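Just follow the structure's listing: the first ligand is 1, and inside any ligand the first atom is 1. Side-chain atoms are counted along with the backbone in the values below, which use heavy atoms only and exclude waters and symmetry mates. These numbers were taken from a predicted model, which means no experiment stands behind them.
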Amino acid sequence: MADQDKFKKVVAHAKEYGYVFQSSEIYDGLSAVYDYGQNGVELKKNIREFWWQAMVQMNNNIVGLDAAILMHPTTWKASGHVDAFNDPLIDNKDSKKRYRADVLIEDYVAKIEAKIEKEINKAAKRFGDAFDKAEFLATNERVVQYKEKGDAILKRMGQSLEKEDLADVKALIEELEIACPLTGSRNWTEVKQFNLMFGTKLGASAENAMDLYLRPETAQGIFVNFLNVQKSGRMKIPFGIAQTGKAFRNEIVARQFIFRMREFEQMEMQFFVRPGEELKWYESWKEKRLKWHLALGLGADNYRFHDHDKLAHYANAAADIEFKFPFGFKELEGIHSRTDFDLSSHQEFSGKKLQYFDPELGENYVPYVVETSIGLDRMFLAVFSNSLQDEILEDGSTRTVLKLPAVLAPVKAAILPLVKKDGLPEVAKQIMADLKFDFTLTYDEKDAIGRRYRRQDANGTPFCITVDHDTLKDNTVTIRYRDSMKQDRVNIADLKDIISKEVSPKYWLEKC
Ligand code: ATP
């Protein structure tokens, strides 16, 4: 399937199966805001839970927090968001369309990367088993040139953004002859900075109202609570605070479905360490977070690190874990070494000490911070788009199957009486009544069994349990596995163990 078609299919499937709906759809929707349907809410909850278990439950030096979305406005002065949370925007004078200048350039580089990928595929076909990808990348002249060109463009863009040299960002767009993707026009305005925070007001009367912001990241709620948690939890450095919750950004160009939203959810963890030890922890968290992703089995080739050339004002090292979405490799998670920037700044703006007494060193200091920050909705899109597959079966027919990792699947098993009579529905409902304490289940007695299997495949349900006439005689049922379509005859009494083995978080967390 072409990438564009695949992406359209992902969006359509997400709607058809109750995963994601456009917000306020009956009013023609609200741009870049989405609602999660009956299956989406479960998948999202399971991803959040899997992250929480890996971060908080598995690490006895990481604890959770749930800070409010609304925070004192000085928070955002101290964090730098009022002055520096900007994206460079550029308008096309002919099409009147607005773009993020850096995204236009990154998309240009993505096209160069696609050419490299094409060369790799061609060579892999030509050389067969003898193909050595690493050697090819290092020695093929055309590929080396492409790579150098892409790297040089990103480097120049990074440096110009860092120096706030927006004229050079525009010059780069012109030199690369980047055109408006919609119309092909190259008639661009100057590049300007645009602040992404949403403003709101607190208070009943207009005169006394206080200007607030909806938080653009969850991290600041952790920083301002650093001492509360450290003292009340008697935490010793190194330790972490984890949080999941909504964040809001008035994105300039919000497209690509739930990849870039104006209201989204983040899962962030700030790890507080001794000054000077931050880069060691940064490396260790990069590795740990990649392992978490790989544990879900979406394919190691779909991930890569991207080390930042342009560092945010608070960071001394930063990398993204990029994922191969249907529209190419894009950031899924950020890992940042944030130095002591945030705590020091909050200390200065609030006038309250935010320091830690290290008993081993016998001294006070402002801890350094390593952050891991992942968008829950982006993770949802990664899992969902990767899992959606069209398979050609032996008889030549196609089945659409959503191969979600079983631990994340919204519904773990479907209970299906073969026919709607002869007492089979009653037995099926009894099985549901017994298993519903352990798993989310669904019941379906409509249509032929084959069609019901296909419906569950497309829904991502890992197991189908069919009750038939033999069940009445010997208490056995058929269990069908979504991915292999294999069917086994098993005792009703064994169902719980069989399902548990594959959906239990333990099985998946042990791989992290
Ligand atoms: P991008 O470069 O894509 O705008 P960012 O570098 O601004 O992202 P961070 O501020 O590092 O993103 O946020 C951490 C994570 O939050 C990102 O890796 C991403 O998964 C998620 N995220 C950020 N912005 C959005 C958004 N508008 N919609 C959905 N998820 C987002």
Side-chain angles (χ1 to χ4, degrees), residues 20 23 30-34 36 44 47-48 51 76 79-81 84-89 99-107 109-110 154 157-158 161 193-198 214-222 242-270 282 285-286 289-290 292-293 303-315 317-323 325 327-338 341-342 369-385:
V20 184
S23 156
L30 187 62
S31 160
V33 187
Y34 290 89
Y36 288 86
K44 203 172 161 199
I47 296 173
R48 192 191 293 112
W51 180 86
W76 306 109
S79 68
H81 283 80
F85 193 54
N86 302 317
D87 274 345
L89 72 80
Y99 296 96
R100 252 174 74 174
D102 54 337
V103 171
L104 282 179
I105 296 169
E106 278 166 9
D107 285 350
V109 173
L154 290 180
M157 179 182 86
L161 287 172
Q193 293 288 22
F194 174 79
N195 193 289
L196 299 182
M197 280 198 294
F198 277 106
L214 299 183
R215 67 180 177 196
E217 63 176 25
T218 55
Q220 298 305 322
I222 292 181
Q243 171 167 233
T244 71
K246 286 277 172 106
F248 302 81
R249 295 182 188 181
N250 196 3
E251 296 281 0
I252 297 169
V253 186
R255 55 195 163 114
Q256 293 165 325
F257 194 40
I258 54 172
F259 179 81
R260 191 175 298 289
M261 303 156 90
R262 296 201 162 105
E263 172 180 343
F264 58 101
E265 193 165 336
Q266 288 186 313
M267 308 191 285
E268 298 199 296
M269 193 277 300
Q270 320 295 136
Y282 166 73
W285 277 109
K286 266 175 81 174
R289 291 304 304 147
L290 184 62
W292 180 83
H293 287 283
Y303 298 88
R304 70 180 189 195
F305 279 114
H306 168 240
D307 294 313
H308 285 207
D309 290 320
K310 177 193 179 228
L311 290 176
H313 56 278
Y314 49 74
D320 298 334
I321 296 177
E322 293 187 336
F323 183 77
F325 289 96
F327 37 83
F329 272 103
K330 296 271 175 207
E331 171 177 346
L332 171 59
E333 169 157 9
I335 294 127
H336 307 129
S337 172
R338 289 180 82 126
F341 172 83
D342 302 86
V369 172
V370 174
E371 159 185 273
T372 71
S373 172
I374 176 169
L376 174 50
D377 313 84
R378 249 182 224 188
M379 184 62 196
F380 184 113
L381 182 59
V383 171
F384 191 87
S385 59

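No side-chain heavy atom of K44 sits under 4.5 Å from any side-chain heavy atom of M379. In this structure, the side chains of Y303 and F329 stay at 4.5 Å or more apart for every pair of heavy atoms.
F259 O, 3.3 Å is the protein heavy atom nearest to atom 29 (C) of ligand 1. Counting protein heavy atoms only, atom 19 (C) of ligand 1 is closest to R378 NH1, 3.5 Å. Here the heavy atom of the protein found nearest to atom 13 (O) of ligand 1 is Q266 NE2, 3.4 Å.
For the salt bridge (charged side-chain N to carboxylate O under 4.0 Å, His left out) test, no residue two or more places apart in sequence or in another chain qualifies with D320. Remark: R262 engages no residue in a salt bridge (charged side-chain N to carboxylate O under 4.0 Å, His left out) (not counting sequence neighbours).
Using a 4.0 Å cutoff on heavy atoms, R100 counts as a contact of ligand 1. Ligand 1 lies out of reach of K330, whose nearest heavy atom is not under 4.0 Å from it.
Close approach of ligand 1 to G375 is summarised as follows: ligand atoms under 4.0 Å from at least one heavy atom of the residue are 15 (C), 16 (O), 19 (C), 20 (O), 21 (C). Set against the non-hydrogen atoms of H336, the atoms of ligand 1 under 4.0 Å away are 11 (O). Residue-ligand proximity, S373 to ligand 1, at heavy-atom distances under 4.0 Å covers atoms 13 (O), 14 (C), 15 (C), 18 (O).
E265 has a carboxylate O that lies under 4.0 Å from a charged side-chain N of R48, or vice versa, which qualifies the two as a salt bridge. Under the 4.0 Å criterion applied to side-chain N and carboxylate O atoms, E268 and R215 are not assigned as salt-bridge partners. Note on D377 versus R260: no salt bridge recorded, every NZ/NE/NH1/NH2 to OD/OE distance being 4.0 Å or above.
The distance criterion of under 3.5 Å between nitrogen or oxygen atoms is met by L332 with respect to ligand 1. Between F264 and ligand 1, no N or O atom pair is found at a separation short of 3.5 Å. Geometrically, ligand 1 and I258 share no nitrogen or oxygen pair separated by less than 3.5 Å.
With R249, R260, E217 as candidates, the residue nearest to atom 9 (P) of ligand 1 on a non-hydrogen basis is R249. Among E251, M261, E333, the residue whose heavy atom lies nearest to atom 28 (N) of ligand 1 is M261. Among E322, E331, Q256, the residue whose heavy atom lies nearest to atom 6 (O) of ligand 1 is E331.
In terms of heavy-atom proximity, M267 sits nearest to T244 at CG-CG2, 3.9 Å.
Taking the centre and axis of the six-membered ring of F264, the NZ or CZ atom of K246 falls outside the cone set by 45° and 6.0 Å.
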